[in-house]
Amino acid sequence: MLTFDTPNQVVVMIEHLLKEKVIQSVKDLYGAEVSVKTVQIQKTRPEFEGDFTIVVYPFLRLSKKGPEQTAEEIGNYLADQLKEVESFNVIKGFLNFVMSNSYWLAFFNDNRDDGSFGKVYAAEKEAVVVEYSAPNTNKPLHLGHVRNNLLGWSVSEILKASGRKVVKVNLVNDRGIHISKSMLAWQKWGGGKTPESESMKGDKLVGDFYVMFDKEYKCQMVELVESGMTKEEAAKKATLILEAQEMLQKWEQGDHATRKLWEQMNDWVYDGFDVTYKRMGIDFDKIYYESNTYLLGKKLVDEGMEKGVFFKKDDGSVWCDLSEEGLDEKLLLRADRTSVYMTQDLGTAQLRYDDYHPSDLIYVVGNEQNYHFDVLKIIMKKLGREWAEHIHHLNYGMVELPHGKMKSREGKVVDADDLMDEMVEIARKTTEELGKFDDFTPEESAKLYEMLGLGALKYFMLKVDPMRTMLFNPKESLDFNGNTGPFIQYTHARIKSVLRKAEERGVSYSDRFELPGALEEKEKNLLKLLHDYRQTVQMAAENLSPAMVANYTYELAKEYNQFYHGHPMLKEPDENVRNFRLGLSGFVGNTIKSATGLLGIEVPDRM
RNA sequence: GGUCCAGUAGCUCAGUUGGAUAGAGCAACAGCCUUCUAAGCUGUCGGUCCCAGGUUCGAGUCCUGGCUGGAUCACCA
């Protein structure tokens, strides 16, 4: 999705070297040019001997020889020229290279203690702006926001680790007709209730009034329909909606009392959101408020009128004609001059561009808004903003529940706070059932449960490709075994435990190693996986996909557990082998910590 | 109806720009704790990669057409 403007020089990998040599070998052997793209390098499948594999089928046209012979010739060429290549074998059109032990050992020795292994912090000058969360001030955060927040935060961290400068921004949807609804409900039926008087989180209190409004509004509509109105008429004529509209206009005119109420209720909500964000572990570099940007949006609408790209209808409403693009007409300003969603987003996009002149603007927003972002891009381009080309909509699928969908207006949602509570509670129960660590203080235990519960939740949400609609089944999703966050956390704790024991026994394993003999299969597998980490981070950044990091981390943890099972360390008599395995464990531990860090998952030293 | 997205084991999901015999976890069943953490490891069972064509040395992956599911096409945000 994102392309790298500056090729990454810091991460020079053996794959690149192999590629270059293959291109050269084809040139020298067959006198033909091949592009970088046609050279495919992949990891050798476990059932064959080798570390890297090159597919030679694409070169047969040039060599005018059979696959085996071509592979043999290229293999000889590379084995001759690269000291890192130990040997090679050919199976059909597949050329498998075995890298030398000294290559793997050098990789191991050079990187195992590097705390920033796999990450590249050579920041570009221009930032990438990532918007996520974008809450609505009258709805408490729910399951959908959880996916959004985790995705946005993690994508930002991954981009940073890949060498980009990132600005994390939130856009608070703090104005509009929906806000008037909860304000009106509070005025009418609130009886002066406050978060303090009710001992409630502010966002929950305001959310309740929003639900209350909707309920009463529906009652009014039913009455009107019974008195002979059509449904559409009733929806427009109900006194509650008329009052809400009047309130919105008062707000836009800056009416003192209305503004004051609005500020007070918003403050309640922000206090509530802060608690949720903090617990979730996400943060922002900058917060935009729509109440500050919608006026800029209106200016852009005026600009569009002057440029003749928008037009006005008889009632005074302003529209943009998108029929050339195969779309409809889009409303930008109501007849009463109040702004709509698109107006605000035009303004925020402009403001954000002016603030940072970013190379890319990423919007983490659900896929139900694909149309909105298509339109946003088109309109910005019509206004002559060339940078609109760099707007990316990172859309993600909805989170569905086993029994139908969530409906926030009816209050049928999986609330983010409740969900976190539940996960942490399960972590507590599970740990207690396993009978672990009676020596933990209550504070230490609480911290561990929090880590595990949230780790399970985060991993569950992030391991799935963002594009997919995912199913959240509370019963099955809250598992702590298998492909889960706690499994990875457990692996880390296990590694730390061994290293702790080694230290207690005074075993030092910090030297560079010269390993006698060959690496064992599991050891080699681990080295290969660790070797992949840098590439995984880069790919995850390009694809804006935390799922790639999550799945990589699982593979690594799984491979380590297999290694752990069959390879003693502290009891290994050969000191050199023992120390190598301890060093390898440390390397894996560091990498797990680094990778989970990109996902916002903390790993404990004991569990 | 138009547009966009998805469809892989009973369930939840992996599957880097097309590459070798499509992989995990859960569930089910059978094993492994006096030995560095059993939240682990090993094994068994489980597949028409939605269907049909096409492209080519090669298709889960690309193209076309269907089928199924979801989203969207608001003076809600």
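Chain letters run A, B, ... following the sequence lines, proteins first, then strands; residues in each count from 1. For the numbers below, each heavy atom of this structure counts, side chains included, while hydrogens, waters and symmetry mates do not.
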Please identify each residue that fulfils side chain to side chain contact (heavy atoms under 4.5 Å, CB included) with A/V424, with sequence neighbours left out. A/R279, A/Y449, A/E450
Nearest-angstrom distance from the residue atom NZ of A/K231 to P of B/A74: 18 Å
Need the pair for B/G25. Rule: Watson-Crick or G-U wobble, both distances under 3.5 Å, any strand; none if unpaired. B/C11
Show each protein N/O and nucleotides 4-8 of chain B N/O combination with a separation under 3.5 Å, one pair to a line.
none

If the condition is side chain to side chain contact (heavy atoms under 4.5 Å, CB included), which residues does A/E216 pass it with, not counting sequence neighbours? A/W189, A/L240
How many Å lie between CZ on A/R334 and C1' on B/A74, as a whole number? 10 Å
Would you say B/U37 has OP1 or OP2 under 4.0 Å from some side-chain N or O of A/K501? yes
At under 4.0 Å between heavy atoms, what does A/Q344 touch on the DNA or RNA strands: base, sugar-phosphate, or nothing? sugar-phosphate
Go through B/A39, B/U37, B/G70 for me and flag the one nearest to the A/T430 side chain. B/A39
Name the orientation of the base relative to the sugar in B/C29: syn if the glycosidic angle is within 90° of 0, else anti. anti
Students often get this wrong, so: under 4.0 angstrom with heavy atoms, is A/H492 touching a base, only sugar-phosphate, or nothing? nothing
For the side chain of A/T431, starting at C-beta, report the closest nucleotide among B/C75, B/G70, B/A39. B/A39
Scan A/D465 against the nucleic acid and name what it touches under 4.0 Å (heavy atoms): base, sugar-phosphate only, or nothing. sugar-phosphate
Among all residues two or more places apart in sequence or in another chain, which pass the side chain to side chain contact (heavy atoms under 4.5 Å, CB included) test with A/E521? A/N525
Determine the interatomic distance between P on B/U55 and the same-named atom on B/G15; round to the nearest Å. 29 Å
Pick the C1' atom in B/G65 and in B/A20, then give their distance to the nearest Å. 31 Å
Touch check for A/L434, heavy atoms < 4.0 angstrom, all strands: base, sugar-phosphate only, or nothing? base
Sticking with atom P, work out how far B/C57 lies from B/A22, rounded to a whole angstrom. 22 Å
Residue list, side chain to side chain donor-acceptor pair (under 3.5 Å) with A/E432, at least two apart or on another chain: A/R428
Partner residues of A/Y552 under the side chain to side chain donor-acceptor pair (under 3.5 Å) criterion, sequence neighbours left out: none
Judged by each residue's nearest nucleotide on RNA chain B, which is more toward the 5′ side, A/M539 or A/R175? A/M539
Should B/G1 form a Watson-Crick or G-U wobble pair with both distances under 3.5 Å, which nucleotide is its partner? B/C73
Counting only heavy atoms from other residues, nucleotides and ligands, does the tally under 6.0 Å from CD of A/Q369 exceed 12? yes
Enumerate all atom pairs, one protein N or O and one N or O from nucleotides 41-44 of chain B, separated by less than 3.5 Å.
unit_1 : atom_1 : unit_2 : atom_2 : d
B/C41  : O2'    : A/H565 : NE2    : 3.4
B/U42  : OP1    : A/Q562 : NE2    : 3.4

Please measure how far the P atom in B/U34 lies from the corresponding atom in B/C51, and state the result in whole Å. 49 Å
For the pair A/D174 (side chain) and A/S291 (backbone), establish whether a donor and an acceptor sit closer than 3.5 Å, ignoring hydrogens and angles. yes
So what does A/D605 hit on the nucleic acid, given a heavy-atom distance under 4.0 Å: a base, only sugar-phosphate, or nothing? base
The side chain to side chain contact (heavy atoms under 4.5 Å, CB included) partners of A/K43 (sequence neighbours excluded) come to A/D532
Quick one: is B/A39 close enough that its OP1 or OP2 comes under 4.0 Å of any side-chain N or O from A/R606? no
Which part of the nucleic acid, if any, lies within contact of A/M470, taking any heavy atom under 4.0 Å across all strands shown: a base, the sugar-phosphate backbone alone, or nothing? sugar-phosphate
Which pair of heavy atoms, one from A/A456 and one from A/F480, lies closest together, and at what distance? CB-CE1, 3.9 Å
Between B/C11 and B/G47, how far apart are the P atoms? Round to whole Å, please. 12 Å
Provide, to the nearest angstrom, the distance between the CZ atom belonging to A/F460 and the P atom belonging to B/C11. 15 Å
Rounded to the nearest Å, what distance is computed from the CD atom of residue A/E559 to the C1' atom of nucleotide B/A14? 16 Å
In whole Å, what is the span from the CZ atom of A/F213 to the P atom of B/C76? 12 Å
Side-chain atoms of A/E368 come closest, of B/A24, B/U72, B/G40, to B/U72
Looking at A/E503, I'd like to know if its CD atom is crowded, meaning that more than 12 non-hydrogen atoms belonging to other residues, nucleotides or ligands lie closer than 6.0 Å. no
Is it the case that the side chains of A/D51 and A/T44 hold a donor-acceptor pair, with the cut-off being a distance below 3.5 Å and no angle test? no
At 4.0 Å (heavy atoms only), tell me whether A/Y371 reaches a base, stays on the sugar-phosphate, or touches nothing. sugar-phosphate
If the condition is ring pair (Phe, Tyr, Trp, His ring centres under 6.0 Å), which residues does A/H145 pass it with, not counting sequence neighbours? A/H142
Sugar-phosphate only, base, or nothing, as touched by A/L452 at under 4.0 Å among non-hydrogen atoms: base
Nearest-nucleotide comparison on RNA chain B, the residue closer to the 5′ end among A/M548 and A/E290: A/M548
Distance between the C1' atoms of B/U8 and B/C13, in whole angstroms? 10 Å
When you measure from the side chain of A/N483, which nucleotide among B/A39, B/C36, B/G25 comes out closest? B/G25
Provide the distance between the two P atoms, one in B/U17 and one in B/G1, to the nearest whole Å. 34 Å
Between side-chain atoms of residues 578-585 of chain A and protein atoms elsewhere (two or more places apart, or another chain), which donor-acceptor pairs fall under 3.5 Å?
unit_1 : atom_1 : unit_2 : atom_2 : d
A/N579 : ND2    : A/S508 : O      : 3.3
A/R581 : NE     : A/E523 : OE2    : 2.8
A/R581 : NH1    : A/P568 : O      : 3.0
A/R581 : NH1    : A/E572 : OE1    : 3.2
A/R581 : NH2    : A/E520 : OE2    : 3.3
A/R581 : NH2    : A/E523 : OE2    : 3.4
A/S585 : OG     : A/Y560 : OH     : 2.8
A/S585 : OG     : A/R581 : O      : 2.9

Report each atom pair, protein N/O against N/O of nucleotides 19-23 of chain B, whose distance is under 3.5 angstrom.
unit_1 : atom_1 : unit_2 : atom_2 : d
B/G19  : N7     : A/Q40  : OE1    : 3.0
B/G19  : N7     : A/Q40  : NE2    : 3.3
B/A20  : OP2    : A/R45  : NH1    : 2.7
B/A20  : N6     : A/T53  : OG1    : 3.1
B/A20  : N6     : A/N96  : OD1    : 3.0
B/G23  : OP1    : A/R45  : NH2    : 3.2

Within 45 degrees of the axis of the six-membered ring of A/Y396 and under 6.0 Å from its centre: does A/R147 put its NZ or CZ there? no
Please give the distance between the C1' atoms of B/U61 and B/C49 as a whole number of Å. 10 Å
Counterpart residues, side chain to side chain donor-acceptor pair (under 3.5 Å), relative to A/R45 (two or more places apart): A/E47
Could you give the CD1-to-C1' distance, from A/I488 to B/G40, as a whole number of Å? 14 Å
B/U16 -> Watson-Crick or G-U wobble partner, both distances under 3.5 Å, gives none
Considering every strand shown, what is the Watson-Crick or G-U wobble mate of B/A6 when both distances are under 3.5 Å? B/U68
